[in-house]
Amino acid sequence: MKEINNMGGILFAHILYKNEIAVFAVHQDTACIRIMKGHDWHILPTIGIIEAPTVTPNESAAGITYKHSVTIKLPQTVFDSEIANDLRNNIIEGCILCCQDPNGNKHIYGTGTYLLFGELNKVIGKKVTDFTGYELKLSGTSQYPVLRYHKV
């Protein structure tokens, strides 16, 4: 019998920009992704466990589409302004997000055709106990809900 961890949230988050995707295909509930040679996933330095992306179905006469959205806090101490500017410039073109849950499952949000877009903003806390750093907000509409990840 396999042990299942019921803890929620996401442990890790990685991002891949549109121009780094060589192949993106969907087979059943799995995203089969080949990354362009010389590129790899960009690790987002998250603060411990982050909130899982939200996937909301939207039913219309044309069928069901899924709204993917996530907000990720990135601490200023490990995320300098040069890296922030690079991320800010690349998410304008679109990206996909890979998140790993506490059970080790990797999930893909967005697709090669239906990318996530967003913004990266500097957040300065008002009190000593408030968060100071960057807040990455990504969202997009897809024809697929959450997909499992398979590297090709």
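Since we're looking at a predicted model, the values are computed, not measured.
- Atom NE2 of H39 is separated from atom CD1 of I21 by 11.5 Å, given to the nearest 0.5 angstrom.
- The CG atom of L44 sits 12.0 Å away from atom CD1 of I10, with the distance rounded to the nearest 0.5 Å.
- Counting heavy atoms from C-beta outward, V26 and L147 have side chains that approach closer than 4.5 Å.
- Linking ILVMFWY side-chain heavy atoms closer than 4.5 Å, directly or via other members, places Y109 and I35 in two distinct hydrophobic clusters.
- The main-chain N or O of L120 is found under 3.5 Å from a side-chain atom of R88 such that the two form a donor-acceptor pair.
- For the residue pair C98 and I108, the shortest heavy atom distance occurs at CB-CD1, 3.7 Å.
- Placement of I33 and I91 in two distinct hydrophobic clusters is found when ILVMFWY residues are connected by side-chain heavy-atom separations under 4.5 Å, directly or transitively.
- Atom NE2 of H150 is separated from atom CZ of R34 by 10.5 Å, given to the nearest 0.5 angstrom.
- Taken to the nearest 0.5 Å, the OG1 atom of T71 stands 9.0 Å off from the CD atom of E119.
- V55 and I64 fall within the same hydrophobic cluster, where Ile, Leu, Val, Met, Phe, Trp and Tyr residues are linked whenever their side-chain heavy atoms come under 4.5 Å apart, directly or through other members.
- Nearest heavy-atom pair across T30 and R148 is OG1-NH2, 3.1 Å.
- Residues M36 and V152 are members of separate hydrophobic clusters, defined by side-chain heavy-atom contacts under 4.5 angstrom among Ile, Leu, Val, Met, Phe, Trp and Tyr.
- Side-chain contact check for T54 versus T56: some heavy-atom pair is nearer than 4.5 Å.
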Would you be so kind as to tabulate the donor-acceptor pairs closer than 3.5 Å made by side chains of residues 131-143, with sequence neighbours excluded?
{"residue": "T132", "atom": "OG1", "partner": "G125", "partner atom": "N", "Å": "3.1"}
{"residue": "S142", "atom": "OG", "partner": "Y144", "partner atom": "N", "Å": "3.0"}
{"residue": "S142", "atom": "OG", "partner": "Y144", "partner atom": "O", "Å": "3.3"}
{"residue": "Q143", "atom": "OE1", "partner": "Y114", "partner atom": "OH", "Å": "3.2"}

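- Looking at I96 and I15, their side chains never come closer than 4.5 Å, going by heavy atoms from C-beta outward.
- When every heavy atom of A31 is checked against every heavy atom of F24, the shortest pair comes out as CB-CZ, 3.7 Å.
- For the pair D101 and H107, the minimum side-chain heavy-atom distance is below 4.5 Å.
- Across L16 and E20, no two heavy atoms sit closer than the pair CD1-OE1, 3.4 Å.
- Summarising the geometry of Q100 relative to K106, their closest heavy-atom pair is OE1-CE, 3.5 Å, with the distance given to 0.1 Å.
- Closest non-hydrogen pair, H14 versus L97, comes out as O-CD1, 3.3 Å.
- When only modelled atom types and interatomic distance are considered, N85 and N89 share no side-chain donor-acceptor pair under 3.5 Å.
- With hydrogens and angles left out, the side-chain atoms of Y149 and W41 include a donor and acceptor closer than 3.5 Å.
- In this structure, the separation between CD1 on I72 and CG on L74 is 6.5 Å, given to the nearest 0.5 Å.
- Under the 4.5 Å side-chain heavy-atom criterion for grouping Ile, Leu, Val, Met, Phe, Trp and Tyr, L115 is not connected to V70 through any hydrophobic cluster.
- Checked against the 6.0 Å centroid criterion, the rings of H42 and Y17 qualify as a close aromatic pair.
- Looking at P57 and P145, their side chains never come closer than 4.5 Å, going by heavy atoms from C-beta outward.
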